Amino acid sequence: MAKPIPKIGSRKNARSGSRKHLRKIPKGIIHVQASFNNTIVTVTDVRGRVISWSSAGTCGFKGTRRGTPFAAQTAAGNAIRTVADQGMQRAEVMIKGPGLGRDAALRAIRRSGILLNFIRDVTPMPHNGCRSPKKRRV
């Protein structure tokens, strides 16, 4: 039986490789979520589409070391290094959570050379919402 002639637009002829295409992003938003156990840094464009992200766990820190300021600093540096290569010059920073990595991540962002428009704390605060759990008796 003869082989069928492949269509020009078929998937088999398409170039396989990296699907990520580098686009120039002049301005973005850096979200830092700092919990007591981990710090997650996400970089998005102005519309909210994720460009790059990193966390203390993906940087190789395990267990209680993920909540340390050094782990947060490393995670922020990793997330920002990729977007700095894509041409980001200005950013807004949104910090959420009570963790130890808040200040360390912000320090790493400042050192990266990206100009910060503003820094906003978006930690969710209850206006006397749910009843808190009873106090521990030890």
Side-chain angles (χ1 to χ4, degrees):
M1 215 171 142
K3 282 188 174 179
I5 300 168
K7 294 176 190 155
I8 294 171
S10 70
R11 280 189 180 168
K12 290 182 181 176
N13 318 16
R15 184 178 65 90
S16 63
S18 175
R19 287 185 178 262
K20 275 190 179 178
H21 59 284
L22 296 175
R23 34 183 215 266
K24 292 290 180 189
I25 301 136
K27 188 178 178 192
I29 304 170
I30 301 170
H31 300 270
V32 179
Q33 183 185 356
S35 67
F36 291 115
N37 295 325
N38 203 353
T39 303
I40 303 168
V41 181
T42 309
V43 184
T44 65
D45 60 2
V46 183
R47 291 178 60 185
R49 295 177 295 191
V50 176
I51 302 162
S52 165
W53 68 275
S54 181
S55 70
T58 58
C59 291
F61 295 94
K62 297 291 177 204
T64 55
R65 292 193 198 94
R66 287 187 311 189
T68 60
F70 178 69
Q73 182 180 335
T74 310
N78 282 359
I80 289 174
R81 195 176 306 124
T82 58
V83 294
D85 296 341
Q86 293 183 16
M88 184 179 284
Q89 293 137 2
R90 295 183 168 276
E92 304 166 359
V93 181
M94 310 280 193
I95 300 178
K96 182 191 282 188
L100 296 170
R102 293 167 57 104
D103 301 330
L106 184 60
R107 223 173 288 126
I109 293 167
R110 278 230 168 110
R111 252 188 312 197
S112 69
I114 294 175
L115 296 171
L116 302 181
N117 289 355
F118 60 82
I119 300 163
R120 184 181 289 169
D121 188 6
V122 291
T123 305
M125 296 292 286
H127 302 290
N128 282 348
C130 301
R131 182 173 179 158
S132 56
K134 64 180 183 183
K135 298 289 182 256
R136 287 184 65 211
R137 285 178 277 184
V138 181

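These figures come from a predicted structure and were not determined experimentally.
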Measure the spacing between CD1 of Ile80 and CZ of Arg110 and express it to the nearest 0.5 Å. 12.0 Å

Contact check, side chains of Ile95 and Thr123, non-hydrogen atoms, under 4.5 Å: no

Note, Thr42 side chain near Val50 side chain (heavy atom, < 4.5 Å): yes

Distance (rounded to the nearest 0.5 Å) between Gln73 CD and Cys59 SG: 11.0 Å

Value rounded to 0.5 Å, distance of NZ in Lys27 from CE in Met88: 10.5 Å

Could you walk me through whether Val41 and Asn78 pass the side chain to side chain contact (heavy atoms under 4.5 Å, CB included) test, one step at a time? CA-CA 9 Å; Val41 181; Asn78 282 359; over 6 Å; no

Any non-hydrogen side-chain atom of Thr58 less than 4.5 Å from a side-chain atom of Trp53? yes

Exercise: identify the closest heavy-atom pair between Gly57 and Arg66: CA-CD, 3.7 Å

Rounded to the nearest 0.5 angstrom, the CZ-OG1 distance for Phe61 and Thr39 is 10.0 Å

Interatomic distance, CZ@Arg47 vs CD1@Ile29, rounded to 0.5 Å, equals 12.0 Å

Salt bridge present between Arg102 and Asp121 (N-O < 4.0 angstrom): yes

Is there a path of hydrophobic side-chain contacts, each under 4.5 Å between heavy atoms of I, L, V, M, F, W or Y residues, that connects Ile40 with Phe36? no

Find out if a path of hydrophobic residues (ILVMFWY) with successive side-chain heavy-atom gaps under 4.5 Å connects Ile119 to Leu115. no

Can you name the closest pair of heavy atoms from Ser52 and Val83 and give their distance? CB-CG1, 3.9 Å

If you round to the nearest 0.5 Å, how far is CD of Gln89 from NZ of Lys24? 9.0 Å

Test His31 against Thr44 for side chain to side chain contact (heavy atoms under 4.5 Å, CB included), laying out the working first. CA-CA 8 Å; His31 300 270; Thr44 65; 3.6 Å; yes

For the hydrophobic clusters of this structure (ILVMFWY residues joined by side-chain heavy atoms under 4.5 Å, transitively), does one cluster hold both Ile51 and Val32? yes

Considering only heavy atoms from C-beta outward, does the side chain of Val93 approach that of Leu106 to under 4.5 Å? yes

Closest approach of Ala72 to Gly101 (non-hydrogen atoms, all atoms of both residues): CB-CA, 3.4 Å

When you look at Leu100 and Thr68, which way does the side chain to side chain contact (heavy atoms under 4.5 Å, CB included) test go after all the steps? CA-CA 6 Å; Leu100 296 170; Thr68 60; over 6 Å; no

